[in-house]
Participant: 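First, the structure itself, so that you have it in front of you.
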Amino acid sequence: MDRMRSMKGLAPNVFTYNCLIDGFCNCVDIEIGKELFDQMNEVGVSPNVITLNILVDGMCRHGRINGALNFFSGMQGNRLKGNAVTYTTLITAYCDIDHIVKAVDLFDQMLASGCSPDASVYHRLISGLCKAGRMDAASNVLSKLKKVGFRPDIVCYNSLVRGFCKKNMVDKAYDIIKEMEEAGVKPNSVSYNSLIAYFCQNGNFGLAREAMEWMINEGHVPTIATYGDLIHAYCSNENIKEAMKLFNDMSSTSKIPPNTITYNIRIESLCNNNDINGALFLVDDMKAKGVKPYSDTYNAMFKGLKENNLLEDAFRLMDAMIEHACKPDYITMEILTGWLSTVGESGKLTSFIQGYKVSPLSE
DNA sequence: TTAGGGTTAG
């Protein structure tokens, strides 16, 4: 931009600034984005609503949601009014941090300010309310959405199905599915998976498998999440045989190979049953199948190894983490700190944190 | 040429 201005004598316009601010907000530094915003005013380029939205979104993405709201409020007093995009961004951000009251408040504020919401604003709010388990309010917003002439889409319906299932209101979930069919929005695998998850959580394997059949008859294949739910539920109910069967079916018949989460479910279950060798075998199996273990895989293992005080195996896995650049998270640290300090191996932990291997059998 | 992407498993 500097070269454009000085060498070509071209003045940057609002597009130039918006692109630049977006770049700084997304990957470098919000403060520079704000400085550029101030600079626009100094050089007489008027920011538009897109400039506002870029900054609001940037602040939200950097966890500065209240800062974003303050910035927005400050602008509203001046010449910049928000639009549906501004409100969607803020409502989504507040929903994500479970400040659902604030999200609803912003929605009301939008209506009061005369800014007309689009379908997206309704969708986000419904999704947020469903996640928060506020199904009455979600149903309410759904009615409003329809009243003003929008139509819920598949994602919006799925939020509702899931929300009702989580609240043990499965009849309501079925009502939504019925409504979807009537509205010509075909339930998809996500819709069925919500029902399957509900039955799994209640240990109702008969109905879970029935829902899976229903899903298949409707032309949807079970997904990695379908299998994950079922395998987890079978493990929790100590029906390891059935869990194993599904796990093996995944690679052979279903052509959906188990992923990291599927492995984690089984590894956790084996560790809980003190079958450490079985769990270690699965970690090797992951390697053989090219499935990458993440910190939670290691955490499950460390927990099991700690219970059984199998230090050498833990050192081996700590090295594997270093080798594969898998970063320990706070859970890893919690498990290892407690364990290694009681057995007088805190030195290993220090090396581990610094990214050095710990295993080479120190004297 | 610039802005918002929301639903599923551990």
Side-chain angles (χ1 to χ4, degrees), chain A residues 12-23 25-26 40 45 47-58 60-61 68 80 82-93 95-96 103 117-131 138 152-166 176 180 185 187-198 200-201 208 215 220 222-236 243 246 250 256 258-272 293-297 299-300 331:
Chain A
N13 62 11
V14 65
F15 289 96
T16 327
Y17 274 102
N18 286 350
C19 291
L20 202 53
I21 293 173
D22 193 37
C25 282
N26 282 335
M40 289 175 83
V45 178
N48 59 15
V49 66
I50 298 179
T51 326
L52 169 72
N53 291 342
I54 289 168
L55 280 159
V56 166
D57 182 55
C60 287
R61 280 181 206 274
L80 269 179
N83 61 10
V85 176
T86 329
Y87 284 102
T88 306
T89 304
L90 286 164
I91 287 171
T92 308
C95 286
D96 283 346
D118 57 16
S120 200
V121 188
Y122 285 96
H123 292 163
R124 299 310 171 78
L125 189 59
I126 291 171
S127 147
L129 289 166
C130 289
K131 266 192 185 157
D153 63 5
I154 179 78
V155 176
C156 184
Y157 276 128
N158 283 343
S159 295
L160 289 153
V161 171
R162 183 132 201 109
F164 281 125
C165 283
K166 280 202 160 167
I176 295 288
M180 292 170 78
V185 180
N188 63 11
S189 54
V190 177
S191 332
Y192 293 103
N193 284 349
S194 293
L195 285 174
I196 294 168
Y198 166 80
C200 281
Q201 269 155 31
M215 165 182 187
H220 301 284
T223 65
I224 189 91
T226 320
Y227 284 107
D229 274 327
L230 281 162
I231 291 172
H232 180 233
Y234 279 123
C235 285
S236 304
L246 278 173
M250 288 180 78
I256 305 170
N259 65 6
T260 304
I261 299 180
T262 326
Y263 272 99
N264 289 353
I265 293 167
R266 295 228 42 240
I267 288 171
E268 266 175 43
S269 151
L270 289 167
C271 284
N272 284 338
Y294 290 111
S295 57
D296 26 22
T297 315
N299 292 347
I331 298 173

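Numbered from 1 within each chain, the chains take letters A, B, ... in sequence-line order.
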Participant: Roughly, in whole Å, what's the span from CG in A:L20 to P in B:dA3?
Facilitator: 14 Å
Participant: Any side-chain heavy atom of A:T86 within less than 4.5 Å of one from A:D57?
Facilitator: no
Participant: Under the ring pair (Phe, Tyr, Trp, His ring centres under 6.0 Å) test, which residues partner A:Y198, sequence neighbours left out?
Facilitator: none
Participant: Rounded to the Å, how far apart are A:L80 CG and B:dT2 P?
Facilitator: 19 Å
Participant: Does A:D229 have any salt bridge (Lys or Arg N to Asp or Glu O under 4.0 Å) partners at least two apart in sequence or in another chain, and if so, which?
Facilitator: none
Participant: Mark up nucleotides 4-10 of chain B, 5' to 3', with B wherever a protein heavy atom is under 4.0 angstrom from a base atom, S wherever such an atom reaches only the sugar-phosphate, and - elsewhere.
Facilitator: BSBBBBB
Participant: I need the CZ-P distance between A:F15 and B:dT2, as an integer number of Å.
Facilitator: 8 Å
Participant: Answer yes if the side chains of A:N13 and A:T16 hold a donor-acceptor pair under 3.5 Å, and no otherwise.
Facilitator: yes
Participant: For residues A:Y17 and A:T51, determine if any side-chain heavy atom of one lies less than 4.5 Å from a side-chain heavy atom of the other.
Facilitator: no
